[in-house]
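Notes to accompany the following structure.
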Amino acid sequence: MEANKIIPDPAQVREELIQKYPAKVAKKRSKSIVINDPETIPEVQANVRTVPGIITQRGCCYAGCKGVVLGPTRDIVNIVHGPIGCSFYAWLTRRNQTKPETLMDANYIPYCFSTDMQEENIVFGGEKKLKIAIQEAYDLFHPKSIAIFSTCPVGLIGDDVHAAAREMKEKFGDCNVFGFSCEGYRGVSQSAGHHIANNGVFKHMVGRDNTPSEGKFKLNLLGEYNIGGDAFEIERIFEKVGITLVASFSGNSTVSAIENSHTADLNVILCHRSINYMGDMMETKYGIPWMKVNFVGAESTAKSLRKIGEYFGDEGLKARIEAVIAEETPKVKAVINEIMPRTKGKTAMLFVGGSRAHHYQDLFTELGMTTVAAGYEFAHRDDYEGRDVLPGIKVDADSKNIEELKIVADPELYNPRKTEAELDALKEKGLEINGYEGMMKQMTKKSLVVDDLSHYESEKLIEIYKPDIFCAGIKEKYVVQKMGIPLKQLHSYDYGGPYTGFEGAINFYKDIDRMVNNPVWKLIKAPWETAGNGKGAGLAASYVTQ
Ligand code: SF4
């Protein structure tokens with residue numbers, strides 16, 4: 001889709017982005033800023049430490065473990081062992097929704113559980129306080145599971161959350177208590193926390209309940225966190241076509257579903273970065289193949305459903321999938337036709353997550369908009385360039401810090417759902433089994449790809465490209481909007497969603513139309529547009545004095 005404005009020369013933009021940096025920083029950042037070519041994908045530096053002093057979009061390891069992966073499961077009591085700030089600022093901010101089946105079913109998501117460590121606990125240790133907190137949670141709620149999350153100070157003083165968990169689990173007998181060494185400083189971003197969470201969930205939860213799950217076409221949905229109700233829309237579609245969702249990791253999920261998830265016959269992965277480890281481990285131990293899908297975008301949803309139909313190879317399922325696509329598509333097309341004249345040719349930038357910057361490009365394409373620049377906060381090279389690059393990725397000290405579980409086939413439960421020949425036949429049909437081609441393959445030639453975008457770089461990009469919309473998170477939102485550019489939060493969706501599936505696509509089109517065509521943005525002057533003594537001199541602040 002052609003943009004209705006002149007797109008700057010990306011090579012020049014790249015130079016401009018790094019020219020103000022000291023030589024050493026410029027050299028490092030230049031490796032993370034590349035000009036895309038989908039035919040010959042260039043190497044992008046990713047998953048490396050942010051240069052100290054640079055304002056990054058990234059979050060911490062604890063945020064990835066507790067906030068992203070474990071947070072959306074409604075009946076685990078998630079106790080944060082640390083100062084109250086770590087817990088308070090992660091309390092409900094991700095907008096994970098959940099729907100207990102009855103009013104009596106447990107739902108701890110609205111609660112904020114923290115050991116509220118004080119100086120005294122830092123000096124004399126916090127394990128005693130942690131055990132008291134675990135006991136209190138058990139006495140109050142009698143949950144099936146209690147998870148404990150270590151924050152930075154816990155790692156620094158050496159509290160052993162795992163020993164505390166073992167002791168309390170043994171004491172209770174009917175409550176699965178386990179800990180995560182997910183101190184904020186581990187790894188280079190929240191990505192480390194995802195990996196640690198995958199390991200913990202696999203070790204302590206998956207495989208505890210061997211009851212055969214019911215249904216003919218059974219799958220798990222991996223890397224879907226039910227932000228703004230996304231999972232509800234996917235569940236609606238699955239139900240319509242006759243697919244049984246055994247477990248979701250972890251939007252709208254329960255402990256029991258995850259414990260039984262190894263009885264499914266396929267894992268479909270939405271957010272590759274945060275949960276690909278789980279897909280690999282479940283395949284090795286139980287013989288369940290995984291497949292990358294994308295339910296963001298109406299066309300991607302249809303494509304993903306067809307892939308699932310192909311995997312199961314059942315003509316009845318395939319027919320139902322086609323019928324549902326045929327039923328849902330006209331509603332989507334009607335909204336596109338109405339909105340497209342107002343959005344066609346506009347430009348977008350997406351700097352978010354480890355998959356969202358990729359997936360949401362599909363929705364913008366459906367609106368006739370062009371993504372001129374995109375990048376991830378916490379991705380690895382394979383999320384950009386595809387999994388083929390995995391063997392060539394050097395494991396650095398930060399990644400070695402994270403435990404690699406040694407997984408082998410379960411002597412009793414390993415059951416390959418497809419033979420090698422069947423998998424090869426599916427691959428021949430174009431199904432990417434256990435594969436992901438990454439974001440860059442889909443982006444246009446000469447679009448700009450920037451990993452771990454800095455605050456400074458985002459300001460420069462906006463100044464140079466003047467995009468019609470910028471997608472990122474809360475940290476960037478108001479800075480960008482003060483430049484006269486609307487910012488759509490793709491972590492929390494602001495107050496919107498769901499954006500998955502067919503209904504979600506319609507919601508997104510309408511929200512984006514409202515944002516990019518709102519005249520209010522023209523009333524705001526960017527700092528470089530305001531009167532002042534030279535370019536960029538319009539910023540001013542005044543302070544209240546007493
Ligand atoms: S970086 Fe450390 S102190 Fe900050 S929120 Fe994360 S765990 Fe807590």
Side-chain angles (χ1 to χ4, degrees), residues 47-72 76-96 109 111-127 129-130 133-134 146-162 164-165 178-201 225 273-274 352-354 376-379 397-399 401-403 452 454-455 472-477 489 491-492:
N47 194 37
V48 294
R49 289 183 189 182
T50 303
V51 177
I54 278 187
I55 302 177
T56 171
Q57 295 184 306
R58 287 171 166 174
C60 71
C61 175
Y62 148 76
C65 183
K66 189 265 176 187
V68 175
V69 180
L70 270 295
I76 301 182
V77 167
N78 287 325
I79 299 179
V80 179
H81 188 32
I84 193 64
C86 304
S87 201
F88 184 81
Y89 290 105
W91 184 21
L92 294 177
T93 46
R94 267 179 66 80
R95 299 188 67 241
N96 306 111
I109 290 181
Y111 293 87
C112 177
F113 299 97
S114 167
T115 52
D116 184 20
M117 285 178 94
Q118 302 293 320
E119 279 171 17
E120 181 195 331
N121 312 121
I122 303 293
V123 175
F124 298 108
E127 282 179 33
K129 194 171 191 186
L130 173 63
I134 298 170
I146 297 177
I148 304 145
F149 301 88
S150 300
T151 57
C152 294
V154 169
L156 295 175
I157 64 171
D159 275 2
D160 189 343
V161 300
H162 305 285
F178 46 93
F180 293 89
S181 293
C182 57
E183 297 84 359
Y185 54 75
R186 268 183 201 265
V188 302
S189 70
Q190 55 267 62
S191 170
H194 303 145
H195 195 165
I196 290 165
N198 277 230
N199 288 350
V201 170
Y225 303 112
R273 180 70 270 136
S274 63
V352 64
Y376 297 127
E377 278 176 64
F378 50 79
D398 290 305
S399 303
N401 223 349
I402 305 161
E403 186 188 14
D452 186 23
S454 74
H455 180 96
I474 188 67
K475 293 202 289 284
E476 296 76 37
K477 185 171 178 76
Q489 286 194 73
H491 292 289
S492 71

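Source: prediction; values computed, not measured. All ligand and atom numbering here is 1-based and tracks the order in the structure.
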Original post:
With a 4.0 Å cut-off, strictly under, does atom 4 (Fe) of ligand 1 pick up any protein heavy atom?
Top reply: no
**OP:** List the atom of Ser87, the atom of Cys112, and the distance in Å for their closest heavy-atom pair.
**Re:** OG-SG, 3.4 Å
**OP:** Using a 4.0 Å heavy-atom threshold (strictly under), name the region of Cys152 that reaches ligand 1: side chain, backbone, both or neither.
**Re:** both
Original post:
Closest non-hydrogen protein atom to atom 8 (Fe) of ligand 1, residue and atom name please, with distance?
Top reply: Cys86 SG, 2.3 Å
Original post:
Parallel, tilted or perpendicular: which fits the ring planes of His194 and Phe378, with parallel below 30° and perpendicular above 60°?
Top reply: perpendicular
**OP:** Look at the side chain of Asn78 and the backbone N and O of Lys66, then say whether any donor-acceptor pair between them is shorter than 3.5 Å.
**Re:** no
Original post:
Any N/O/S atom of Cys60 sitting less than 2.8 Å from atom 8 (Fe) of ligand 1, backbone or side chain?
Top reply: no
Subject >> Minimum side-chain heavy-atom gap Arg273-Tyr376 below 4.5 Å >> reply: no
